[in-house]
Peer 1: 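Quick one: structure below, then a few questions.
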Amino acid sequence: MASPKIFGIVLAGGEGKRLMPLTADRAKPAVPFAGNYRLIDFALSNLINSGLRQLVVLTQYKSHSLDRHVSQTWRLSGLTNSYVASVPAQQRLGKRWFAGSADAILQSLNLLRDEKPDIVVVVGADHVYRMDFSQMIEAHIESGAGVTVAAIRQPISLADQFGVIEVSPDDPTRIQAFHEKPEHPIGLPDSPQEVLASMGNYVFDADVLMDAVLRDGETPSSNHDMGGDIVPDFVSRGDAAVYDLNRNDVPGATDRDRYYWRDVGTIDSYYEAHRDLISALPVFNLYNRAWPIYNQQFNAPPAKFVRDSAGNLGTTIDSIVSLGSLLSGAHIERSVLGPWATIDSGASVVDSIVFDYVRIGQDARVHRAILDKEVIVDAGASVGIDPAADRARGFTVTDSGITVVGKGIRVTR
Ligand code: ADQ
């Protein structure tokens, strides 16, 4: 195939229940990450850096802030046929919303019919990683299969969250069996404590994808899910290849983050992924200019660090501080501050993640907490220090002891 025409679909309709309360008001792909990114920025940056220029983002659940983010941040040139378009569920096939990710594609087939691509790249919107899809597309074309599924090794303990791939013993690039979220996974022959997990990223020949979702739409027993129904259908016909992320060579990657991929589906994994960013030798390096992760351009002044009015110095270490932030005589450690954070004298923010427009008053203490947008912590108040007290105040506290304070809440003394 000489220079195939490629179209990208980002599945962004997921509800993200396990990230509540961060998803109370926004779709999971719109959840802020690493200060001034949203989760969807990783998938979209990877696709753009891979050379794709026609991309649609299929949205559904609480899509307002996601639609706004995509339309404001992801503007490509108007001179060529380049776009990232957010496409909300429109009930094109009757009075129903998307029943699942395959139904989202079925209901959007008009987009494929209009663009007439040769190849369709379908990706999820809620993972943190770098990947060059052009290399995966090359491998897909070489394989001759109808679909190629991106994969990465994961601990067997997490197998029930993923589609688990068994490769053919004769040809390790072919999928022999695919088990969506298995309860009783079997480890890899060369590493029994690991499985080969689907990353939820697929490359399809466009015509076979269209046939598959049309057929799936007529199958009453189907859940209309890409991982649960479409991929197993290709596997049962012997038409599925696998592409291991360890074959992917992203420009500028370090030995540490070359094969980094994080599913941030729970508060704990979301919190842990932030820790991967902040150390001196980060497990995931945001400062790789050869493969940039694009984000919203905040019209904000640089972050500023000053003494407090009594002349006391503050300290900020092993942390990320976003534009617009103002820190006076405060102690910030192992934390990520979003845009326009204001932290007053004597306050300490340790092991925490703070979203945009958060205000933390004098001598307040924030420890192992996630504060959503516009949270106010009153002077002298504390959060994340006493899990029982936090629960009693109605905050979400995970089993591992991370307190999450929802958007706009005021934390009082
Ligand atoms: P899950 O992430 O559990 O597993 P799903 O909830 O369908 O699968 O989400 C996949 C992507 O589709 C997400 O980006 C989500 O936002 C989006 N999505 C879900 N429902 C949608 C809908 N109705 N409309 C539009 N978009 C929707 C999947 C695969 C597994 C794989 C993991 C990797 O099914 O095989 O291992 O991803 O994390």
Side-chain angles (χ1 to χ4, degrees), residues 8-19 23 26-31 33 38-44 46-47 55-63 66-67 70 86-93 96-109 111 121-129 131 147-156 158-166 175 177-182 185 195-202 213 216-217 222-235 240 242-245 261-266 269-270 273:
I9 297 179
V10 180
L11 297 167
E15 202 172 327
K17 277 198 199 99
R18 293 174 302 159
L19 273 181
T23 45
R26 51 171 94 82
K28 181 172 166 188
V31 170
F33 188 80
R38 308 271 191 147
L39 286 178
I40 195 172
D41 294 335
F42 292 85
L44 284 174
N46 286 327
L47 292 167
L55 293 163
V56 291
V57 177
L58 304 184
T59 68
Q60 159 153 269
Y61 170 85
K62 291 187 177 158
S63 60
L66 180 58
D67 290 339
V70 170
S86 170
V87 181
Q90 300 170 57
Q91 301 196 340
R92 282 177 174 268
L93 301 179
R96 61 187 172 84
W97 300 114
F98 298 153
S101 48
D103 188 42
I105 295 179
L106 177 65
Q107 294 205 39
S108 311
L109 279 190
L111 303 169
V121 180
V122 178
V123 305
D126 27 59
H127 297 103
V128 177
Y129 65 111
M131 180 169 178
V147 65
T148 300
V149 180
I152 185 169
R153 288 179 178 224
Q154 291 287 292
I156 197 165
L158 302 178
D160 62 354
Q161 300 176 24
F162 298 125
V164 171
I165 293 168
E166 274 176 43
I175 303 180
F178 187 92
H179 310 282
E180 180 71 355
K181 302 178 183 154
V195 293
L196 189 59
S198 159
M199 296 166 64
N201 294 339
Y202 317 103
V213 293
D216 176 75
S222 173
N223 290 319
H224 313 298
D225 186 61
M226 293 302 287
D229 304 289
I230 300 292
V231 173
D233 176 49
F234 277 85
V235 172
V242 63
Y243 179 80
D244 196 317
L245 186 68
W261 179 79
R262 271 274 194 183
D263 181 47
V264 284
T266 63
S269 62
Y270 176 84

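We count residues from 1, following the sequence as given. Each ligand, and each atom within it, is numbered from 1 in the order the structure gives.
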Peer 1: Would you say G13 has any N or O atom under 3.5 Å from an N or O of ligand 1, going by distance alone?
Peer 2: yes
Peer 1: Using a strict cut-off of 4.0 Å, indicate which atoms of ligand 1 neighbour a heavy atom of G227.
Peer 2: 34 (O)
Peer 1: With rounding to the nearest 0.5 Å, note down the distance linking CD1 in I230 to CG in N223.
Peer 2: 11.0 Å
Peer 1: Rounded to the nearest 0.5 Å, what's the gap from CG on D216 to CG on D233? Could you check?
Peer 2: 7.5 Å
Peer 1: Determine the minimum heavy-atom distance between I175 and V235, stating which atoms define it.
Peer 2: CG2-CG2, 3.7 Å
Peer 1: Below the 3.5 angstrom mark, is there an N/O of Y202, backbone or side chain, next to an N/O of ligand 1?
Peer 2: no
Peer 1: CG/L66 to CZ/R26 distance, rounded to the nearest 0.5 angstrom?
Peer 2: 11.0 Å
Peer 1: Which atoms from ligand 1 have a heavy atom of M199 less than 4.0 Å away?
Peer 2: 33 (C)
Peer 1: What is the minimum heavy-atom distance between V122 and M226, and which atoms define it?
Peer 2: CG1-CE, 4.5 Å
Peer 1: Looking only at non-hydrogen atoms, find the nearest pair between P232 and F178 and report the distance.
Peer 2: CG-CD2, 4.0 Å
Peer 1: Tell me the contacting part of D225 for ligand 1: side chain, backbone, both, or neither, using a 4.0 Å heavy-atom threshold, strictly below.
Peer 2: side chain
Peer 1: Judged on heavy-atom distance to atom 35 (O) of ligand 1, which of E180, K181, K28 sits nearest?
Peer 2: E180
Peer 1: Considering non-hydrogen atoms only, spot the tightest contact between K28 and L19 and give its length.
Peer 2: CG-CD1, 3.9 Å
Peer 1: Identify, by atom number and element, the atoms of ligand 1 in contact range of A104, meaning under 4.0 Å from any of its heavy atoms.
Peer 2: 24 (N), 25 (C)
Peer 1: Pairs of nitrogen or oxygen atoms closer than 3.5 Å, one from G200 and one from ligand 1: do any exist?
Peer 2: no
Peer 1: Non-hydrogen atoms of M226 versus ligand 1: any pair closer than 4.0 Å?
Peer 2: no
Peer 1: If the cut-off is 4.0 Å to any non-hydrogen atom of G124, which atoms of ligand 1 fall inside it?
Peer 2: 14 (O)
Peer 1: On the 0 to 90° scale, with breaks at 30° and 60°, tag the Y270-F33 ring pair as parallel, tilted or perpendicular.
Peer 2: perpendicular
Peer 1: If you round to the nearest 0.5 Å, how far is CE of M199 from CD1 of I165?
Peer 2: 10.0 Å
Peer 1: Consider every N or O of W261 and every N or O of ligand 1, then say whether any pair is closer than 3.5 Å.
Peer 2: no
Peer 1: Give the contacting part of A197 toward ligand 1: side chain, backbone, both or neither, where contact means a heavy-atom distance below 4.0 Å.
Peer 2: neither
Peer 1: Check each atom of ligand 1 against the heavy atoms of G163 and keep those under 4.0 Å away; list them by number with element.
Peer 2: 30 (C), 31 (C), 35 (O), 36 (O)
